[in-house]
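Below, each value reflects all heavy atoms present in this structure, side chains not excepted, and no hydrogens, waters or symmetry copies. Ligands are counted one by one from 1 in listed order, and the atoms in each one are counted from 1 as well. Note that the structure is a prediction, hence the values are computed from the model and not measured.
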Amino acid sequence: MTFNKVLDDVKTYEAGKPIELVVREYGVKPEDIIKLASNENPYGTSPKVVKKLKDVAKSAFVYPDDSMYELKEALAAKFKVDEANVIIGAGSDQVIEFCVHAKCDSNSKILMAKTTFAMYEIYGKQTGATILKTPSDEHNLDEFREIYKSQGADIIFLCLPNNPLGECLDAKNVYEFLDEVDENTLVVLDGAYQEFASYKDGAKAISPSDVIVKYPNVIYLGTFSKAYALGGMRVGYGIAQNDIIKNLYKLRPPFNITTPTLAGAIEALKDEEFVNDCIVKNFEQMKRYEQYADSKGFTYIPSYTNFITIYLDGYISKEVAQNLLERGVIVRDMTGYGFNAIRITIGTQEQNSKVFKILDLVL
Ligand SMILES: *Cc1c(COP(=O)(O)O)cnc(C)c1O
C-alpha cells in the first residue's frame, strides 16, 4: 500500500519507557521502579484531584461538556485573559498539532532550536513543511534572527524553558525578538515548564496576557502534565488572540477532552498550594543532583525545569542509562540528540537518594 509521501520522513515519537515494560523485561518489582524519564510530577496526583475524579466517574456515560466552559473560565481567570483567548487540547501537544496544521503545508518553513521538543518537527513533517534549525543546541536568538531574515518562517517555536536541555531565555529578550517578527509568522511560546522557570528566576517569567495584547501572531502554550501532576489525564491549553484561537478550533476533534480530565484540571487549578509545594521541593532536590554531578566531575546544564541534563564524561551515556534501567531506574539517554548525557527528572528525596546509590554502583 502507498501512503502519504510526507510520512516517509516522519519519525515515530518515542515516549519514556513505561514501568510495565521494565517489570516485564528486567523482572524488577513495580514498587522498586523509579521512573524519571518523562518529567512527570514525582509527588503524585493531588489528593483533592483524586477525590474529584472519583466523584465524576458516575457521569462517564454522558459526553463531556464540549464547550469546556468551566475550565476555560478558570484558565482565563488565572491568566487574566478572556475565555475567547483560550483553547484546550488533549495535552498541549494537541495544540501544537493544531498550530502546525493551521499554518503549514508542503511549501511552509518551521524554525526551531537544534535540540528541542521532538514533536515540533514530527507535526511539522506531517504537513511536508521544511524544518529549519539553529546551529546551536540551546536557544540562541541571534541565530533565530539570522535564519528568519534570510529564509523566513511560517512558524517559530521557542521552548521556554527548553526540553530536553533545561535552559531558558530571559522574557525581556524574547519580547525584543517578537518585536522583529512579521505578523504573518506564528510564534509558539511553549511554556510547559514555565511554572518552574518563573519560580527559580523572575526574569524568565512570560506573561501570556501581556504577550497576546501586544502580539497578534503569538500563542502561549501551557500544560497540566508537568507541575500540575496530570500527565495521565492529557490536558493542556493555548492562549492567543481570538483570531488564532478561532482558526485552531476548526481543527479540533469533537469531545477532545474527557469528563474526568476536565474535572481534574479544574480541581488542580484550585490546589495551587500543592503545585507550589512541589516546585519548591523540585529545586531543593535539584541541588542534590548538581552536587552529585560536581562530586563526580560531571558537567550539567543549569536547569529551569523539573529535570537536569548531565554530561557523563568518561562514560558512555547509553550504557549508563541501560545499566540504570536494568536496576529499575528509568532515565532518558541523550545519545539520539548527539549528547553523551542523560536527562533525569528530579524525583522525590527518597527516589533521588536511591538513584545516587544505584548510580554509584553503575559508574
Ligand atoms: C511535556 C511537554 C509538552 C506537552 O505535554 P502534554 O502532556 O502534551 O501537555 C509540550 N512541550 C514540552 C516542551 C514538553 O516537555
Side-chain angles (χ1 to χ4, degrees), residues 13-16 18 35-42 45 49 68 71 75 86-101 110 112-124 133 137-139 155-169 174 187-198 204 206 208 219-240 248 251-253 256-258 260-262 264-265 268-269 275 278-279 282 301 303-309 331-332 334 336-337 343-346:
Y13 178 75
E14 258 187 73
K35 183 173 186 281
L36 299 176
S38 300
N39 305 337
E40 290 139 331
N41 185 325
T45 318
V49 172
M68 307 181 202
L71 179 55
L75 284 167
V86 181
I87 185 166
I88 316 281
S92 60
D93 247 295
Q94 193 178 39
V95 187
I96 298 172
E97 182 183 14
F98 295 158
C99 289
V100 172
H101 286 267
I110 304 178
M112 63 190 75
K114 181 174 167 198
T115 300
T116 190
F117 190 49
M119 292 314 299
Y120 308 154
E121 179 166 357
I122 293 175
Y123 290 128
K133 292 183 181 176
D137 289 296
E138 297 186 9
H139 284 61
I155 304 188
I156 300 173
F157 281 103
L158 297 178
C159 196
L160 310 166
N162 186 24
N163 177 16
L165 300 181
E167 95 279 8
C168 193
L169 294 170
V174 173
V187 183
V188 179
L189 304 180
D190 187 343
Y193 304 92
Q194 262 288 317
E195 292 89 354
F196 296 99
S198 53
K204 311 293 182 192
I206 299 282
I219 184 163
Y220 174 89
L221 305 186
T223 179
F224 285 90
S225 299
K226 311 287 162 52
Y228 283 85
L230 286 179
M233 299 305 291
R234 310 305 304 125
V235 56
Y237 50 88
I239 298 173
L248 299 187
L251 293 156
R252 190 183 68 94
N256 60 328
I257 311 299
T258 69
T261 298
L262 287 169
L269 282 177
V275 175
C278 294
I279 294 172
N282 173 69
I301 302 174
S303 170
Y304 293 86
T305 65
N306 64 346
F307 59 83
I308 186 163
T309 294
V331 302
R332 210 178 243 266
M334 298 280 291
Y337 291 99
R343 188 196 70 186
I344 308 182
T345 306
I346 308 299

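Distance CD1/Ile206 to CG/Leu221: 12.0 Å, rounded to 0.5 Å. Atom CZ in Arg332 sits 10.5 Å away from atom OG1 in Thr309 (nearest 0.5 Å). Note that CD of Glu97 and CE of Met119 are 7.5 Å apart. Values are rounded to the nearest 0.5 Å. In this structure, Asn41 CG and Asn39 CG are separated by 11.0 Å, a value rounded to the nearest 0.5 Å. A distance of 9.0 Å separates NZ of Lys114 from NZ of Lys133, quoted to the nearest 0.5 Å.
Less than 4.0 angstrom separates some heavy atom of Arg234 from each of these atoms of ligand 1: 6 (P), 7 (O), 8 (O). Taking a cut-off of under 4.0 Å to the non-hydrogen atoms of Gly91, the atoms of ligand 1 that pass are 6 (P), 8 (O), 9 (O). For ligand 1, the atoms lying closer than 4.0 Å to a non-hydrogen atom of Ser225 are 6 (P), 7 (O), 9 (O). When each atom of ligand 1 is checked for a heavy atom of Cys159 under 4.0 Å away, the hits are 13 (C). Within ligand 1, the atoms closer than 4.0 Å to a non-hydrogen atom of Asn163 are 13 (C), 14 (C), 15 (O), numbered from 1 in the order shown. Residue Ser92 has at least one heavy-atom neighbour below 4.0 Å for each of these atoms of ligand 1: 3 (C), 4 (C), 5 (O), 6 (P), 8 (O), 9 (O), 10 (C). For ligand 1, the atoms lying closer than 4.0 Å to a non-hydrogen atom of Lys226 are 1 (C), 2 (C), 3 (C), 5 (O), 14 (C), 15 (O).
Remark: ligand 1 and Tyr120 share no N or O pair separated by less than 3.5 Å (distance only, no angle test).
When each of Leu75, Asn256, Leu248 is checked for a side chain to side chain contact (heavy atoms under 4.5 Å, CB included) with Ile87, only Leu248 meets the rule.
Relative to atom 9 (O) of ligand 1, the option among Thr223, Thr305, Asp190 with the closest non-hydrogen atom is Thr223.
Relative ring orientation between Tyr120 and Phe117 is described as perpendicular, the plane-to-plane angle rising above 60° on a 0-90° scale split at 30° and 60°.
Heavy-atom distances between Phe224 and ligand 1 stay at or above 4.0 Å for every pair.
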